[in-house]
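These figures come from a predicted structure and were not determined experimentally. Sequence lines set the chain letters: A, B, ... in the order given, protein chains first and strands last, and positions in each chain run from 1.
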There are 2 protein chains.
Amino acid sequence: MTEYTAESLAKTLREAIIRFSRRIRQARPVGELTFSQLSALTSLQLHGALTPRELADLERVQPPTMTKIVGKLEDRGLVARTPHPTDGRQVILAATDEGRAVYARNEQVRNEWLAVQLDRLTPEERDTLARAAEIMLRVARA
Amino acid sequence: MTEYTAESLAKTLREAIIRFSRRIRQARPVGELTFSQLSALTSLQLHGALTPRELADLERVQPPTMTKIVGKLEDRGLVARTPHPTDGRQVILAATDEGRAVYARNEQVRNEWLAVQLDRLTPEERDTLARAAEIMLRVARA
DNA sequence: CATGCTCATTAGCTAGGCTAAGTATCGTGA
DNA sequence: TCACGATACTTAGCCTAGCTAATGAGCATG
């Protein structure tokens, strides 16, 4: 096994991430949800209802940024805002039925390009990517 | 070894990428180069002189986007634009001495947070990330 | 040498990200 | 109980990054 120093790996990994994410973004179907919108909607699906703050923390953005993203989703009727039962300051965000439908459709189209690419890899390579994804999520949480 | 389908992996990987890259972006030192600017400068360092079109292709953005990024770098004296010797339409981009200096300083600061995180991982985990990075770069090129 | 192609840029748009400031509500200590 | 600090969200204002469409300049070829 080749040994990598943390420094040289940091450089390579950063390059890979930026190129790769740009490539994924390009595979976006026109007129549908953006990267960030889909990501927020996904979090709402997976975690059920969340406050803006919780969603912002999960998505690793600042609250005002999340206000904007949620605003777009709300404009399209994909997310609903309801008042918190006991705390008047807070708001509860949840995906609507239409949000869930749009999510499912978009998710599939969105993953299509990537899934095709991944399908061309060997099982070992997919395994490497899967384990790397877990590590990256863990590091991102730190 | 666990088997991952291309579909489920696509989903996980996309989530990891977006979270991870947001986290990296947050570790940006104030008043220095942005993610995209540093990436472009890096390509210029590694490949020597390039035309805007070549640089845009490398960075996976459209030419007008690269015009903007290079413009910022040029304003700060980090990149020089010289006319192509034989083809009057083209332009040659190259990092200046100051560009190389700023690059080196920034690169180090930029990688610091990530390097610290990576240093906490096991050698096996670093190896996984390194191999994943290579695969991602290859896929991004496709 | 006219016409069509290529390269780069400009113009104009949208999304996404930030900080600072504002507003409403909560909770608590005097 | 009520004044005041803390908290939650939004608004305002800014910048970067990305796109497409259109423009202009230069090249190359029939």
Side-chain angles (χ1 to χ4, degrees), chain A residues 17-41 43 49-76 78-93 106, chain B residues 17-41 49-76 79-93 106:
Chain A
I17 293 288
I18 190 171
R19 297 270 204 293
F20 196 67
S21 65
R22 274 174 180 161
R23 193 68 183 76
I24 293 176
R25 270 171 205 269
Q26 282 175 354
R28 161 162 66 114
V30 216
E32 294 279 349
L33 298 179
T34 67
F35 214 61
S36 298
Q37 289 167 15
L38 186 56
S39 185
L41 194 49
S43 285
L50 291 171
T51 67
R53 160 68 71 178
E54 289 166 338
L55 186 52
D57 286 348
L58 262 178
E59 292 290 310
R60 295 223 150 265
V61 298
Q62 295 301 309
T65 301
M66 193 45 70
T67 296
K68 273 193 194 178
I69 294 173
V70 168
K72 299 261 165 58
L73 292 171
E74 207 187 359
D75 288 347
R76 304 173 63 163
L78 309 181
V79 162
R81 222 183 280 254
T82 56
H84 190 284
T86 62
D87 189 336
R89 294 167 302 180
Q90 296 189 48
V91 170
I92 305 292
L93 303 174
N106 226 281
Chain B
I17 293 288
I18 192 171
R19 299 269 204 293
F20 197 67
S21 66
R22 274 175 183 160
R23 194 67 184 74
I24 294 176
R25 272 172 204 266
Q26 282 175 354
R28 161 161 63 116
V30 216
E32 294 276 349
L33 299 180
T34 66
F35 215 61
S36 298
Q37 288 164 15
L38 187 56
S39 184
L41 193 50
L50 291 171
T51 67
R53 158 70 68 179
E54 288 166 338
L55 186 52
D57 286 348
L58 262 178
E59 293 288 311
R60 294 225 150 264
V61 296
Q62 294 301 310
T65 301
M66 193 44 69
T67 296
K68 272 194 195 177
I69 294 173
V70 168
K72 300 259 164 59
L73 292 172
E74 206 187 0
D75 287 346
R76 305 174 62 162
V79 162
R81 223 184 278 253
T82 56
H84 191 284
T86 62
D87 189 338
R89 293 167 303 180
Q90 295 189 49
V91 169
I92 304 292
L93 304 173
N106 225 282

Q: Measure from CE on M66(B) to C1' on dC19(D) and round the result to the nearest Å.
A: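 Atom-to-atom, M66(B) to dC19(D), this comes out as 14 Å.
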
Q: Could you tell me whether S36(A) contacts a base, only the sugar-phosphate backbone, or nothing, with contacts defined as non-hydrogen atoms closer than 4.0 Å?
A: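 Since only primed, P, OP1 and OP2 atoms lie under 4.0 Å of S36(A), the category is sugar-phosphate.
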
Q: In whole Å, I'd like the distance from the CG atom of D75(B) to the C1' atom of dC15(D).
A: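 For the pair D75(B) CG and dC15(D) C1', the rounded distance is 14 Å.
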
Q: Compare all side-chain heavy atoms of T82(A) with those of V91(A) and state whether any distance is below 4.5 angstrom.
A: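 Not touching, per the 4.5 Å side-chain cut-off.
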
Q: Is the shortest side-chain N/O distance from T51(A) to OP1 or OP2 of dA8(D) below 4.0 Å?
A: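 No.
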
Q: Side chains of I69(B) and K72(B): closer than 4.5 Å at any heavy-atom pair?
A: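 No, too far: nothing below the 4.5 Å cut-off.
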
Q: Between dA8(C), dC18(C), dA15(C), which nucleotide has the shortest distance from any of its atoms to the side chain of Q62(A)?
A: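 That would be dC18(C).
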
Q: Can you tell which of dT16(D), dA8(C), dG17(C) lies closest to the side chain of K72(B)?
A: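 So the side chain of K72(B) is nearest to dT16(D).
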
Q: Would you mind reading off the distance between D57(A) atom CG and dG17(C) atom P, rounded to a whole angstrom?
A: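 Taking CG of D57(A) and P of dG17(C), I get 14 Å after rounding.
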
Q: So do the side chains of E59(A) and R19(B) get within less than 4.5 Å of each other, counting heavy atoms only?
A: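 E59(A) reaches R19(B) side chain to side chain.
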
Q: With distance as the sole test, does S21(B) use its side chain to make a donor-acceptor pair with the main-chain N or O of I17(B) at under 3.5 Å?
A: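 It does hold such a pair.
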
Q: In whole angstroms, how far is the P atom of dA17(D) from the CG atom of L41(B)?
A: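 That distance rounds to 13 Å.
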
Q: Within the structure, does a side-chain N or O atom of Q37(B) lie under 4.0 Å from either OP1 or OP2 of dA17(D)?
A: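 For Q37(B), the contact criterion (side-chain N or O under 4.0 Å from OP1 or OP2 of dA17(D)) is met.
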
Q: Applying side chain to side chain contact (heavy atoms under 4.5 Å, CB included) to V61(A) and L55(A), what does each step give before you reach the verdict?
A: CA-CA 9 Å; V61(A) 298; L55(A) 186 52; over 6 Å; no

Q: Just how far, in rounded Å, is P of dT9(C) from CZ of R53(B)?
A: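 R53(B) atom CZ is separated from dT9(C) atom P by 12 Å.
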
Q: For nucleotides 10-12 of chain C, list the nitrogen or oxygen atoms of the protein found under 3.5 Å from its nitrogen or oxygen atoms, one pair per line.
A:
none

Q: Counting only heavy atoms and a strict 4.0 angstrom limit, can you tell me which residues of residues 85-92 of chain B come near DNA chain C?
A: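 Nucleic-acid contacts, sorted: R89(B), Q90(B), V91(B).
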
Q: Under the salt bridge (Lys or Arg N to Asp or Glu O under 4.0 Å) rule, collect the residues that match up with E54(B), sequence neighbours excluded.
A: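 Listed in chain order: nothing, the list is empty.
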
Q: Which atoms form the tightest heavy-atom contact between L50(A) and S43(A), and what is the distance?
A: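 Looking at all heavy atoms of both residues, the shortest contact is CD1-O, 4.1 Å.
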
Q: Would you call V70(B) and R81(B) a side-chain contact if the rule is heavy atoms closer than 4.5 Å?
A: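 A side-chain contact under 4.5 Å exists here.
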
Q: Just the rounded figure in Å: distance from P of dG18(D) to CZ of R19(A).
A: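 Those two atoms, CZ and P, are 12 Å apart.
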
Q: Side-chain N or O of T65(B) less than 4.0 angstrom from OP1 or OP2 on dC19(D)?
A: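 For dC19(D), OP1 or OP2 has a side-chain N or O of T65(B) closer than 4.0 Å.
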
Q: dA17(D) P sits how many Å from L55(B) CG, rounded?
A: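 Rounded to the whole Å, the gap is 13 Å.
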
Q: Show your reasoning for whether side chain to side chain contact (heavy atoms under 4.5 Å, CB included) applies to R76(A) and L33(A).
A: CA-CA 10 Å; R76(A) 304 173 63 163; L33(A) 298 179; 3.8 Å; yes

Q: Expressed as a whole number of angstroms, how long is the span from F35(B):CZ to dG18(D):P?
A: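 For the pair F35(B) CZ and dG18(D) P, the rounded distance is 10 Å.
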
